[in-house]
Amino acid sequence: MPDQYTFDNPVERYSRVEPPIQHQPVPGVQAQMTPVPDLGESSYRGTGRLAGRTALITGGDSGIGGAVAIAFAREGADVVIVHLPDEQEDADRILGLIEDAGQKGHSIAADITDAARCRAIVDEAVSVLGGLDILVNNAGKQVAVDRLEDLSDEQFELTFRTNVFANFWLTKAALAHLPAGGTIINTASLEAYTPSPERLDYAATKAAINNFSKGLAQQLAPRGIRVNVVAPGPVWTALQVSGGVSDEQMEAFDDESVYNRSGQPAEIAPAFVFLASAESSYVSGATINANGGMNTP
Ligand code: NAD
């Protein structure tokens, strides 16, 4: 059975997605996508890299966060995932996979755009896990709007609350629990450097996440807590089918990277595993760009 260590041509590891045009209301249910993204369910092979660790992953029900939850569990971590109430079907499936890996799994249905809710999420995760070693801020909001005049004040604020403010609130609450050796991994995007004209709010939040993470890494280094970022390129997830891209962009989604195909969440998760595990002990304030070969600064 091929796994993430199989030596092959990365460009040909997956076929082009060539998605049929499809629409779902925000936040999108992965189980209803065509095709359903690959989260590494049948390919991710753990080798004990996170044995005994505890992790909290936002947006862990689907897409990149779901792939990270599967990978962390197979590496030996207990995992709490956070998702929106409408995504219970996706969350239950990931919980089943965490338990199949022999680890403790727990899901929290909560909206992270509220500061008090973020503090409660961390409290619940710590109480279930008996501590917290790894925080993955992965939940994200992305809605494409062509013209600035049509970008509502409400959307602009909600994108920042979801992608930036929640990251701040969750991190602040988690710091009361993270030990030396603990890690924070934030999720930016290729758009942090090359903003799309129709995703101004989203791209700006991703630039903020990169910048915030680099500053925080310096602040927390004396405490032995590392802060890093994963910046994916175009990856086939529910974000795309719930308003993240226009119909034209969905049709051309495979053409965005130099691999000439979309990425799959299963290909992004190993970067999170590396940053979460002690093998990356001398890495902090870094961004791993997992984007199919696109140029970054
Ligand atoms: P996804 O839709 O599968 O995951 C996003 C998740 O965010 C949702 O499952 C949902 O649970 C969570 N979320 C959104 N708003 C929330 C809220 N208010 N409260 C609680 N949870 C909320 O899509 P994905 O592509 O896997 O996204 C994961 C991360 O990857 C995001 O930060 C996204 O910006 C980033 N990213 C994705 C791509 C891509 O092409 N897919 C590229 C670069 C970066």
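One is the number of the first residue; the rest follow in order along the sequence. It should be emphasised that the depicted structure is a prediction, and the values quoted were computed from it without experimental measurement. In each ligand, atom 1 is the first atom listed, and ligand 1 is the first ligand listed.
- Close approach of ligand 1 to A110 (heavy-atom distance below 4.0 Å) involves ligand atoms 19 (N), 20 (C).
- Heavy-atom distances between G28 and ligand 1 stay at or above 4.0 Å for every pair.
- Residue T237 holds the heavy atom nearest to atom 25 (O) of ligand 1 of all those in D114, D90, T237.
- Not a single heavy atom of T58 sits less than 4.0 Å from an atom of ligand 1.
- For atom 31 (C) of ligand 1, the nearest non-hydrogen atom from the set I268, N138, N163, N167 belongs to N138.
- Salt bridge status for R199 with E191: present, with a side-chain N to carboxylate O gap under 4.0 Å.
- For G233, the closest heavy-atom approach to ligand 1 falls below 4.0 Å.
- Counting heavy atoms of neighbouring residues, nucleotides and ligands inside a 6.0 Å radius, atom OH of Y5 exceeds 12 of them.
- For the atom pair OG1 of T58 and CG of N167, the computed distance is 8.0 Å after rounding to the nearest 0.5 Å.
- Only the backbone of A188 comes within 4.0 Å of ligand 1, judged by heavy-atom distances.
- For ligand 1, the atoms closer than 4.0 angstrom to any heavy atom of A139 are 7 (O), 12 (C), 13 (N), 21 (N), 22 (C), 32 (O).
- Atoms CD and CG, from Q103 and L97 in turn, are 13.0 Å apart once rounded to the nearest 0.5 Å.
- Salt-bridge formation is detected for the pair E41/R93: a Lys NZ or Arg NE/NH1/NH2 atom is positioned less than 4.0 Å from an Asp or Glu carboxylate oxygen.
- Between atom CZ of residue F72 and atom OG1 of residue T54 there is a gap of 11.0 Å, rounded to the nearest 0.5 Å.
- If you look at W236 next to ligand 1, there are no close heavy atoms at all, none under 4.0 Å.
- Using cut-offs of 30° and 60° for the angle between ring planes, the F156 and F160 rings count as tilted.
- Per-residue contacts place S62 under 4.0 angstrom from the following atoms of ligand 1 (heavy atoms of the residue considered): 1 (P), 3 (O), 4 (O), 9 (O).
- Of all the atoms in ligand 1, the ones that sit under 4.0 Å from a non-hydrogen atom of D111 are 17 (C), 18 (N), 19 (N).
- Contact atoms of ligand 1 toward Q240: 39 (C), 40 (O), 41 (N) (distance under 4.0 Å to a heavy atom of the residue).
- Heavy-atom distances between E87 and ligand 1 reach below 4.0 Å in at least one pair.
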